[in-house]
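FYI, side chains are in, hydrogens and waters are out, and symmetry mates aren't considered; it's all heavy atoms of this structure. Convention: sequence-line order gives letters A, B, ...; per-chain numbering from 1.
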There are 2 protein chains.
Amino acid sequence: MARRATKAPPSSRDDLDARKAAILQAVVNEHVDTAQPVGSSSVASNADVVVSPATVRSEMVALEREGYLAQPHTSAGRVPTDKGYRYFVDHLQSGVLGSAQQHQVKEFFANVRGEVEDVLEQTSMLLTQLTSYTSVVVGAGHSNSTVLSVQLVNLDARHQLLVTVFSDGSVVKHSIVSAFDVKHVDVAEASRQLNALLIGTTLHTRVQVPSRADHVATLVRDAVSVLHAEQPTSDGEQVFIGGSSKVAEVFDGVETVRKVLGILEQELLVVSLVQDILDQGLSVAIGAETGYEPLSSCAVIVAPVTIDGLPAGAVGLLGPTRMKYREAMAAAQVVSQQLTRHYAGDDERG
Amino acid sequence: MARRATKAPPSSRDDLDARKAAILQAVVNEHVDTAQPVGSSSVASNADVVVSPATVRSEMVALEREGYLAQPHTSAGRVPTDKGYRYFVDHLQSGVLGSAQQHQVKEFFANVRGEVEDVLEQTSMLLTQLTSYTSVVVGAGHSNSTVLSVQLVNLDARHQLLVTVFSDGSVVKHSIVSAFDVKHVDVAEASRQLNALLIGTTLHTRVQVPSRADHVATLVRDAVSVLHAEQPTSDGEQVFIGGSSKVAEVFDGVETVRKVLGILEQELLVVSLVQDILDQGLSVAIGAETGYEPLSSCAVIVAPVTIDGLPAGAVGLLGPTRMKYREAMAAAQVVSQQLTRHYAGDDERG
DNA sequence: TATTAGCAGTCAATTCTACCGAGTGCCAAC
DNA sequence: GTTGGCACTCGGTAGAATTGACTGCTAATA
């Protein structure tokens, strides 16, 4: 077990000597291409590997023992494990987008207009087009935004609608059911008071609500509480998922397809999946790293989007562990950067 | 071809005598259950068919000639064609929901609160739970609604947000990019004028915009045009799709799954699919009747939702042509009725 | 000592064959 | 018109044989 290294010492626990690394990379590249287990001879024919198949074989035995490769069955080639992909990704020199794709991205961001929601949704489609993987775009919640305006509107005597505009350009509505018939003048007055109370605050800000028992005060209290109640569930993040049909293209087993779609259906879960990966400081989660068993054969690539240096969402790509990491990561990165720049107060505002 | 009928005359072009009908129904029922071609003997053992397999066989030959059944290959049983399913559906005595499911629906509608969007989304989940099929809920556009309130909000000097509240409780926002720096007082004044102009109108109403060249008038013109521009694309309908992962459960071929998911991704297309079926006065579209080739092995069940007698959306279910029509149609019908009742000005307002 | 060629062994995938059996169409009998 | 009987068809399955892409091991080599 404890063999002494001669030239390139496997310095610590997670480093392979140059030859093993080259072999591992060859295996990953080949397997991503063909979806088949790869054998020693095809590795040996790789330009970066200058030894014979026999040597490759003995190295592969070592790589398997160390958990980077696995063998589906005795007389088959090797397949990368999650750990193998992890090593591959960690030692990947970041790629660049093909020029056609770069052009496509440029063109896209030069031409998008409209509401943030539309831009984000279209961005997700763009990502899917670029990579052929399912994409996710998460828009930030308005927890950092301040209130620009609130307005109470009478739907009928018992039902009011609270419309709040935030500084990030998002608009939310909340309906209020009153226990008493509300007069128009009261709504107008409550609206006025709410504006005075809330403009400039965030959802976190504690505000002093009137404690009187009259109709207007009750309306104001109800409005504030319904607005601030939004907190716990979700911060109003928006999720846009593009190309879920790619799931059926990219995974083989129907069972896998079902499980992955089942995850994608739950938007809150997708948000926290992306968030968790970012929180761990990762840009890729492979297999079990995603934290969700149904995604054990998936890899998720994420890239944060910021506005004025603050986190403001993320873009993501979901594919099989056997995915084209270099290209996909490049795409995610470029798009997230462009998106960041697009909202850097530059010109357009959603 | 022109055979004279003795007892139950096949009155016109689309009617089968009682025996053929019984056989067709038996085939459909069996096939829906087993997903296998159905043979003469298993049909003959059905309680509603009182003849021998040999007789069944000769009838099945006739049914095949008339296009109700098909034979995958010579020595296999029969499978219903789209036409066969169509006959089956047309002559289906409407079923009722199981009591457990009825209870579930009651409970659901007794407890839902909140914004229309949330209710509709949850309704779609309910439908999926009830039937195990993918469900679609389409919320009406606000083409019939009147404007309750409009408000212009300054995001910054060059960007304004137009927030419009409709009588159906929906809120839409539109962003406006100004060619000049806008003062707050101008925004307030424009807001006032817009309210005077638009309250009570629908999106179809022609309004008289000021033709002056000053900043306020320009803002008002921009706001009106951006609001009315919404028309052509979509009426602001909302689509909620639940249980798209069921697609992978219910269809066998990965290719079919991909095609169907590809359709479901295009929300506008889903809206018009549902709308087309309703416009044809149908409640079920089978195979080619859907009008979309990728859905050729699908059936779509729809049921309209009304508010005050006016169409206000629809619920739908998408499954394989080989689907449990009775149960699914019952579910769609019950849910659409409950939804209609729920918004019949009863108590809660979204 | 590291590398390599050679070789025997393993095992999934493929092909072939035979066969079974579900189901048909036809026909003669009822 | 209905039925039982019968020969026929043909997809699906099961088993055996074959293939071939691998491996691990070992002995020779640099």
Side-chain angles (χ1 to χ4, degrees), chain A residues 2-10 16-20 22-24 26-27 30-31 33-46 48-66 68-81 252-253, chain B residues 2-10 16-24 26-27 30-31 33-46 48-66 68-80 252-253:
Chain A
R3 13 164 37 203
R4 246 179 313 149
T6 44
K7 319 168 191 175
L16 301 172
D17 64 63
R19 195 167 71 183
K20 281 205 182 66
I23 290 174
L24 177 54
V27 171
E30 177 93 7
H31 180 67
D33 252 37
T34 64
Q36 298 293 326
V38 342
S40 55
S41 60
S42 78
V43 169
S45 68
N46 183 299
D48 295 342
V49 179
V50 288
V51 291
S52 76
T55 310
V56 171
R57 280 203 286 279
S58 67
E59 291 287 52
M60 297 214 298
V61 170
L63 283 168
E64 183 170 2
R65 197 176 39 225
E66 294 166 40
Y68 295 96
L69 296 178
Q71 214 173 6
H73 58 85
T74 318
S75 71
R78 296 323 204 276
V79 158
T81 60
D252 7 66
Chain B
R3 20 170 24 213
R4 245 179 315 149
T6 44
K7 318 169 190 174
L16 301 172
D17 63 62
R19 197 166 71 184
K20 282 205 181 66
I23 290 174
L24 176 54
V27 171
E30 177 94 6
H31 181 66
D33 253 36
T34 64
Q36 299 294 326
V38 181
S40 56
S41 59
S42 78
V43 169
S45 67
N46 183 299
D48 295 343
V49 179
V50 289
V51 290
S52 76
T55 309
V56 171
R57 280 203 286 280
S58 66
E59 292 287 52
M60 296 214 298
V61 170
L63 283 167
E64 183 170 2
R65 196 175 41 226
E66 294 166 39
Y68 295 96
L69 295 178
Q71 216 173 4
H73 57 87
T74 320
S75 72
R78 267 30 180 238
V79 158
D252 6 66

Would you kindly give the NE2-to-P distance between B:His73 and D:dG11, to the nearest whole Å?
6 Å
Five-pair end axes of the helix from C:dT1-D:dA30 to C:dC30-D:dG1 and the angle they enclose, rounded to 10°:
20°
Polar pairs (N or O, both sides) under 3.5 Å between protein and nucleotides 25-29 of chain C?
from	atom 1	to	atom 2	distance (Å)
C:dG25	OP1	B:Arg78	NH2	3.0
C:dG25	N7	B:Arg57	NE	3.2
C:dG25	O6	B:Arg57	NH2	3.2

Among pairs that include at least one residue of residues 68-77 of chain A, which meet salt bridge (charged side-chain N to carboxylate O under 4.0 Å, His left out), considering only residues two or more places apart or in two chains?
none
With a 4.0 Å cutoff (strictly under), does any side-chain N or O of B:Ser52 reach OP1 or OP2 of D:dT2?
no
By side chain to side chain donor-acceptor pair (under 3.5 Å), A:Glu64 pairs with (sequence neighbours left out) A:Arg78
With sequence neighbours left out, what residues match B:Arg57 under salt bridge (charged side-chain N to carboxylate O under 4.0 Å, His left out)?
none
Measure the distance from CD on B:Glu30 to P on C:dG23 and round it to the nearest whole Å.
9 Å
What is the distance from CD of B:Gln36 to P of C:dA22, rounded to the nearest Å?
13 Å
Under 3.5 Å between N/O atoms: give me all the protein pairs with nucleotides 17-21 of chain C, atom names plus distance.
none

At a cut-off of 3.5 Å, list every protein nitrogen or oxygen paired with a nitrogen or oxygen from nucleotides 27-30 of chain D, distance to 0.1 Å.
none

Checking B:His31 side chain against B:Val79 main chain: does a donor-acceptor pair fall under 3.5 Å?
no
Under the side chain to side chain contact (heavy atoms under 4.5 Å, CB included) test, residues paired with A:Ser41 that sit two or more places apart
A:Pro53
In whole Å, I'd like the distance from the NE2 atom of B:His31 to the C1' atom of C:dG23.
16 Å
Closest-nucleotide mapping onto DNA chain D: is B:Val51 or A:Ala76 further toward the 5' terminus? I mean the 5' end.
B:Val51
Please list, chain by chain and in numerical order, all residues satisfying side chain to side chain donor-acceptor pair (under 3.5 Å) with B:Ser52, sequence neighbours excluded.
B:Thr55
Rounded to whole Å, how long is the line connecting atom CE of A:Met60 with atom P of C:dT4?
14 Å
A:Thr74: partners by side chain to side chain donor-acceptor pair (under 3.5 Å), with sequence neighbours left out
none
